[in-house]
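Excluded from the calculations below are hydrogen atoms, water molecules and symmetry mates; all remaining heavy atoms, backbone and side chain alike, are included.
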Amino acid sequence: MIEFCGLALAHRVINGSGTFDAIAARRTFGDALLADFPFAAFVSKTVTLAPRQGNPPPRLWEQPAGLINSIGLPNRGLDGYLERDLPELGALPVPLIVNVMGFAREEVGRLVAAFAARDEVAALELNVSCPNVESGLVMGADPGETAALLEHVRPLTSKPLIGS
């Protein structure tokens, strides 16, 4: 066992947000996925307040040294996630870390407060790679913006907060 942000994990492998669709994998592999789940914790795709379609294709560009993507964070929005995704992801045999993103501190705060109230959620990952529409600065690239975001959301939950 190891400890990560106060969570007891069986090992050190955790997926990156949006890189593994646990709901689709469970449809494909059934309960066998739960019996042999590959990650010690599961990080969800990014959740925003309103649903997002994401960027139109093409979304992926192959390069000689790798792949460039611009997916655009498609998701059901908070209400759709709570209704459809959370019941399924909450049944996973590992702690659930929900990734949230907003374009202002207040948006992130609403998401953090909503997930703070849910027992299925063990921790929150703050997607700080988006611009704050009020200041125009990228929240995670400017230390002042990051600090202001944390000052706003930390009182809203006692759950671990992780930056991405």
Quick one: does T48's side chain have a donor or acceptor within less than 3.5 Å of a partner on G102's backbone?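 A pair under 3.5 Å: no.
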Any sub-3.5 Å donor-acceptor pair from R27's side-chain atoms to G30's backbone N or O?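 No; zero donor-acceptor contacts below 3.5 Å.
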Any side-chain heavy-atom pair of [X] and [Y] under 4.5 Å:
X	Y	result
K45	N75	no
C5	I162	yes
L126	M101	no
P95	L9	yes
R84	R76	yes
L73	N127	yes
L86	V121	yes
V47	F115	yes

side-chain contact (heavy atoms from CB on, under 4.5 Å) between F39 and I14, worked out: CA-CA 5 Å; F39 305 110; I14 300 173; 5.5 Å; no
Flag yes if [X] and [Y] sit in one hydrophobic cluster, no otherwise; membership is Ile, Leu, Val, Met, Phe, Trp, Tyr, and two members link when side-chain heavy atoms are under 4.5 Å apart.
X	Y	value
L96	I2	no
V13	V94	yes
V153	V98	yes
V112	I97	no

I need the [X] [atom1] to [Y] [atom2] distance, nearest 0.5 Å.
X	Y	atom1	atom2	value
H11	F4	NE2	CZ	13.0 Å
N69	N55	CG	CG	9.5 Å
I23	L89	CD1	CG	4.0 Å
L34	L92	CG	CG	6.5 Å
E106	H152	CD	NE2	5.0 Å
L149	R154	CG	CZ	11.0 Å

Specify the closest pair of heavy atoms between [X] and [Y], including all atoms of both residues, with the distance to one decimal.
X	Y	value
F37	P93	CB-CG, 3.9 Å
A122	P160	O-CD, 3.3 Å
R59	P74	NH1-CG, 4.0 Å
A40	A10	CB-N, 4.1 Å
K159	A123	CB-CA, 4.4 Å

Checking R118 now: which residues fulfil salt bridge (charged side-chain N to carboxylate O under 4.0 Å, His left out) with it, not counting sequence neighbours?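 Counting only residues at least two positions away or on another chain, R118 forms a salt bridge (charged side-chain N to carboxylate O under 4.0 Å, His left out) with E120.
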Around atom CD of Q63, are there more than 12 heavy atoms from other residues, nucleotides or ligands closer than 6.0 Å?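 Atom CD in Q63 is crowded, with more than 12 foreign heavy atoms closer than 6.0 Å.
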Would you find more than 12 non-hydrogen atoms of other residues, nucleotides or ligands less than 6.0 Å from R110 atom CZ?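 Counting other residues, nucleotides and ligands, CZ of R110 stays at 12 neighbours or fewer.
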Checking side-chain contact (heavy atoms from CB on, under 4.5 Å) against S164, which of V43, N99, T46 comes through?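 Result for side-chain contact (heavy atoms from CB on, under 4.5 Å) with S164: N99.
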